[in-house]
Amino acid sequence: MAKPSLDQLLSDLNEPQRQAVVCPGGPLLVLAGAGSGKTRVLTHRVAFLIAAQGVKPDEVLAITFTNKAAVEMKERVESLLGPIARTMWVSTFHAACARILRKEAQQLGYRRNFTIYDAGDQVRVVKQCLKELGLDPKRFPAKGIHSVISSAKNRLLDAEAFGETINNFFDDTVASVYTLYQKKLFANNAMDFDDLLMRTVDLFVRFPDRLEHYQRGFRHILVDEYQDTNHAQYMLVNLLGREHRNICVVGDDDQSIYSWRGADVRNILDFKQDYPEATVIKLEQNYRSTQAILSAANVVISNNGERMSKDLWTDLGEGEPVRVTEVEDEHGEARYVAGEISRLEQKEGIDHGDIAVFYRVNAQSRVLEDLLIRYGIPYRIVGGTKFYERAEIKDALAYLMVLENPSDSVSFSRIVNSPKRGIGAASVAALARFAEAAGISMLDAAARAGDIADLRPAAVKSLENFSVRMADLAGAAANSPVAETLEEVLTSSGYLEALSAERTVEAEGRIENLQEFVGVAEEYDNIHSDGSLREFVQEISLYTDIDKLTEVERAITLMTLHNAKGLEFPVVFIIGAEEGVFPHSRSMEEQNLDEERRLCYVGMTRAKKRLYFTYATTRNLYGSRNYNLASRFLGELPGDLVAFEQIRPARTRFGGGFGGQAGFFDEGECAEGGNEAEASLNETPSFFNVGDKVVHATFGEGVITGVERGGTVAVRFSVDGSERKLMVDYAPLRKA
């Protein structure tokens with residue numbers, strides 16, 4: 001394949017993109033706004049260096065953040081240059097470092113065939129360290145310890161250096177584990193993922209000749225998503241590029257949203273300080289969104305103090321204004337979103353696959369999921385798991401199932417060692433054999449664990465304690481509301497305590513999900529004054545059974561705002577735009593509002609044609625109900641780019657103003673479209689019509705015989721011929 005001409009390389013680029021591609025050399029910062037074609041610039045620049053500048057393919061080091069992105073870049077460059085592109089170094093940071101260390105490991109005392117431990121391996125080694133040091137794994141969970149060690153490595157702190165930074169007993173313990181952990185890795189000729197970065201930096205610092213070798217080898221270094229680099233990655237790039245200074249970094253400080261993973265926005269903000277002679281080129285033409293969406297996003301992000309200014313624009317037209325809808329609570333929010341999705345599909349022909357719903361935390365999806373399941377609207381969760389399929393929710397539900405049905409051996413096996421109680425698979429198998437031989441349940445067998453010869457004393461004690469605890473819970477559950485029972489289960493089982501001790505972001509999310517599940521139980525208790533644990537479990541089982549149905553190809557996409565980065569959809573809903581929810585209360589406490597605002601900017605710029613925000617004046621989240629002000633980010637939206645709807649006939653205050661104005665909306669005082677939306681509040685969603693066949697979790701199959709204002713339907717049930725009126729927002733009702 002002949003090399004492309006310069007005209008061919010530049011023909012489909014706009015002027016700033018061309019400037020970035022043909023920049024002659026030296027440090028280059030391409031400040032690429034959302035949807036501005038940064039991948040095209042990166043690939044064309046690589047092709048330009050090789051085809052027009054005489055750079056050999058193996059002299060180019062191109063770094064991406066995912067293997068998928070690396071493969072895509074290689075394929076694009078190969079489409080421009082042909083097979084010669086295959087000799088390029090295009091990879092993630094970790095893959096590039098692993099490749100270097102395979103050649104250089106002996107310099108650091110490792111053999112070249114070193115093993116790379118994955119996340120599971122790493123935690124297992126930490127557990128071994130805890131055991132050898134005589135530390136209680138319940139007080140110092142392996143995952144939490146490893147998380148702190150990983151963070152230290154990303155800051156290039158070895159065990160000794162970390163030990164000099166400690167300021168509490170927990171960190172002092174981590175330092176001891178860290179020291180032993182590294183000794184074990186070295187003895188096993190193994191490295192973890194963080195070592196790949198840290199050891200490569202160590203190699204270059206300790207052995208200048210090896211650094212010089214790779215500096216000469218990589219004449220040009222290109223880094224994608226530079227705003228997401230941590231300190232170790234920053235050091236690698238700058239060590240390799242400090243002599244020839246042919247460093248091209250591409251990124252957007254306004255899309256730096258991963259500080260909790262160690263990303264440091266200062267790396268991109270200080271690029272000109274690190275390289276005063278650097279060329280800075282801004283890519284501001286957006287090829288994704290309408291101008292109304294971009295202008296609104298520009299105004300919101302401009303409220304961040306320390307940033308590199310840019311003004312996104314497009315030639316795709318002005319488009320529709322951003323729609324902001326106030327609802328009364330989370331159920332009204334879910335009903336509004338589902339109703340609008342249905343309207344877009346039925347009246348405008350917008351496919352489900354073109355619609356996404358974003359939220360700040362996973363637990364927010366639950367109410368919307370319930371409604372989508374009930375109405376048979378297909379959906380998928382991206383970057384996460386459907387609410388009732390999450391491990392912690394399944395665990396909590398399994399506890400309730402055993403309380404309701406002590407003979408449920410499947411649920412018993414799930415919870416007997418969750419959280420960890422030292423009851424391994426072999427002990428559970430021995431227990432199961434004894435229970436079968438005796439003709440009793442596994443729970444009853446646990447009470448007689450001392451009679452089982454195959455069990456060790458520690459397992460016997462744990463099983464007997466577990467049996468007593470479940471008996472106490474069963475006694476309390478007999479006369480308690482479901483929510484109270486669930487809270488007692490999560491507390492007395494040690495489940496919440498174990499998650500809290502982990503001290504990881506993932507554990508915090510799991511706790512939030514469990515708190516939300518308590519909220520589900522509270523809703524059930526409020527609606528069913530004569531309800532029971534049995535009926536609650538049956539109702540939840542209905543949801544989980546529906547969730548197991550085969551997922552259709554075209555479905556609504558649900559995801560957190562963090563997972564939305566890099567994606568795009570014609571229609572985007574951002575729900576829960578309230579103070580304390582988004583921005584998140586934790587970020588408000590930690591004074592990290594700039595990153596929350598960047599997260600809002602990222603969410604807004606995923607939308608191609610339509611962007612919706614919703615906020616509720618009251619919301620039950622994590623098991624407690626709060627009255628909220630609208631998010632400050634809504635108050636920053638320019639009023640001339642917003643269509644406001646108030647689906648709530650009440651006097652409402654929203655935080656800090658809206659569209660640049662603080663104020664009140666009185667009953668009936670809504671912006672354009674508000675009257676229609678307010679009227680729809682008193683209508684039943686179009687999902688149920690007279691004659692529809694339905695299924696209720698408790699009453700079975702039936703037929704809709706009447707549809708009334710206020711979201712009420714009349715159903716005649718076939719089992720007993722009874723006719724009941726049900727609130728569709730709360731009743732476990734779905735189309736058959």
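These numbers were taken from a predicted model, which means no experiment stands behind them.
- Using modelled atom types and a 3.5 Å distance limit, the side chains of E318 and Q291 yield no donor-acceptor pair.
- In this structure, the separation between CD1 on I373 and CZ on F387 is 10.5 Å, given to the nearest 0.5 Å.
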Derivation and outcome, side-chain contact (heavy atoms from CB on, under 4.5 Å), residues D329 and T617: CA-CA 6 Å; D329 60 16; T617 55; over 6 Å; no
Kindly determine whether K394 and R390 satisfy side-chain contact (heavy atoms from CB on, under 4.5 Å), including the steps that lead there. CA-CA 6 Å; K394 284 189 171 184; R390 291 167 187 160; over 6 Å; no
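- In this structure, a donor-acceptor pair under 3.5 Å is present between the side chains of Y388 and D370.
- A 4.5 Å side-chain heavy-atom check between Y287 and D315 finds every atom pair outside the cut-off.
- Between Q17 and Q285 the shortest side-chain heavy-atom distance does not fall below 4.5 Å.
- Around atom NZ of K38, more than 12 heavy atoms belonging to other residues, nucleotides or ligands sit under 6.0 Å away.
- Nearest heavy-atom pair across W260 and I257 is NE1-O, 3.2 Å.
- A donor-acceptor pair under 3.5 Å links the side-chain atoms of N298 to the main chain of L312, judged by distance alone.
- Annotation: the span from I511 atom CD1 to L499 atom CG amounts to 5.0 Å, rounded to 0.5 Å.
- For E522, there are no salt bridge (Lys or Arg N to Asp or Glu O under 4.0 Å) partners two or more places apart in sequence or in a different chain.
- Contacts of D351 classified as salt bridge (Lys or Arg N to Asp or Glu O under 4.0 Å), with partners at least two apart in sequence or in another chain: R554.
- Every residue two or more places apart in sequence or in another chain was checked for a ring-ring contact (aromatic ring centres under 6.0 Å, His included) with H352, and none qualifies.
- The minimum heavy-atom distance between A334 and V367, with the atom names listed, is CB-CG1, 3.9 Å.
- The backbone N or O of R360 sits less than 3.5 Å from a side-chain atom of Q364, completing a donor-acceptor pair.
- Judged purely by atom type and a 3.5 angstrom limit, T43 uses its side chain to pair as donor or acceptor with the backbone of R40.
- At a threshold of 4.0 Å, the pair E72-R76 counts as salt-bridged, since one of the basic side-chain nitrogens sits closer than that to a carboxylate oxygen.
- For the pair T605 and A297, the tightest heavy-atom approach, listed with the atom from each and the gap, is CG2-CB, 3.9 Å.
- No donor-acceptor pair under 3.5 Å is formed between the side chain of N304 and the backbone N or O of E306.
- Contact between L486 and A521 at its shortest, heavy atoms only, is CD2-CB, 4.3 Å.
- For residues 555-569, the set of pairs meeting the salt bridge (charged side-chain N to carboxylate O under 4.0 Å, His left out) definition, not counting sequence neighbours, comprises E225-K565, D228-K565, R288-E568, E568-K608.
- One finds the CD1 atom of I574 at 10.0 Å from the OG atom of S631 (value rounded to the nearest 0.5 Å).
- To the nearest 0.5 Å, atoms CG (L42) and CE (M73) are separated by 4.5 Å.
- When Q346, E340, E345 are each tested for a side chain to side chain donor-acceptor pair (under 3.5 Å) with S342, only one passes: Q346.
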Hey, mind stepping through V694 and V715 against side-chain contact (heavy atoms from CB on, under 4.5 Å) and telling me if it holds? CA-CA 8 Å; V694 294; V715 184; 3.8 Å; yes
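- With contacts defined as side-chain heavy-atom distances shorter than 4.5 Å, the pair I381/E369 qualifies.
- Taking the side chain as every heavy atom from C-beta outward, V324 and Y612 never approach each other to under 4.5 Å.
- A side-chain N or O of T229 and one of N267 form a donor-acceptor pair less than 3.5 Å apart.
- At least one donor-acceptor pair under 3.5 Å links the side chain of Q227 to the backbone N or O of D252.
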Please step through side-chain contact (heavy atoms from CB on, under 4.5 Å) for the pair V357 and M559, ending with a clear verdict. CA-CA 7 Å; V357 182; M559 69 179 76; over 6 Å; no
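- Residues M308 and L29 meet the side-chain proximity criterion, which asks for heavy atoms closer than 4.5 Å.
- Side-chain polar atoms of E595 and S259 form a donor-acceptor pair below 3.5 angstrom.
- For L514 against A396, the heavy-atom pair with the smallest separation is CD2-CB, 3.9 Å.
- Taking the six-membered ring where the residue is Trp, F573 and Y336 present perpendicular rings, their angle passing 60° and hence far from 30°.
- For the pair R261 and Y258, the distance from NZ or CZ to the six-membered ring centre is under 6.0 Å and the angle to the ring normal is within 45 degrees.
- Applying the salt bridge (charged side-chain N to carboxylate O under 4.0 Å, His left out) rule to pairs touching residues 612-628 yields E330-R625, E333-R619, E578-R619, sequence neighbours excluded.
- Under the 4.5 Å side-chain criterion, counting only non-hydrogen atoms from C-beta, V571 is not in contact with D354.
- Atom CZ in F358 sits 9.5 Å away from atom OG1 in T560 (nearest 0.5 Å).
- At least one donor-acceptor pair closer than 3.5 Å links the side chain of R606 to the backbone N or O of V602.
- Under the salt bridge (Lys or Arg N to Asp or Glu O under 4.0 Å) criterion, E516 pairs with R366, sequence neighbours left out.
- Side-chain contact between L593 and M588 is present, with at least one heavy-atom pair separated by less than 4.5 Å.
- Contact between T314 and S289 at its shortest, heavy atoms only, is CG2-O, 3.2 Å.
- Here the CD1 atom belonging to I355 is positioned 6.0 Å from the CD1 atom belonging to I350, to the nearest 0.5 angstrom.
- In summary, the side chains of T325 and E645 do present a donor paired with an acceptor at a separation below 3.5 Å, with no hydrogens or angles considered.
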Between E636 and R632, does the salt bridge (charged side-chain N to carboxylate O under 4.0 Å, His left out) criterion hold? Intermediate values first, please. CA-CA 6 Å; E636 294 166 359; R632 67 191 66 199; over 6 Å; no
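- For the pair L31/D253, a side-chain contact is recorded, criterion being any heavy-atom separation below 4.5 Å from C-beta on.
- Between the side chain of E284 and the backbone N or O of D311, at least one donor-acceptor pair lies under 3.5 Å.
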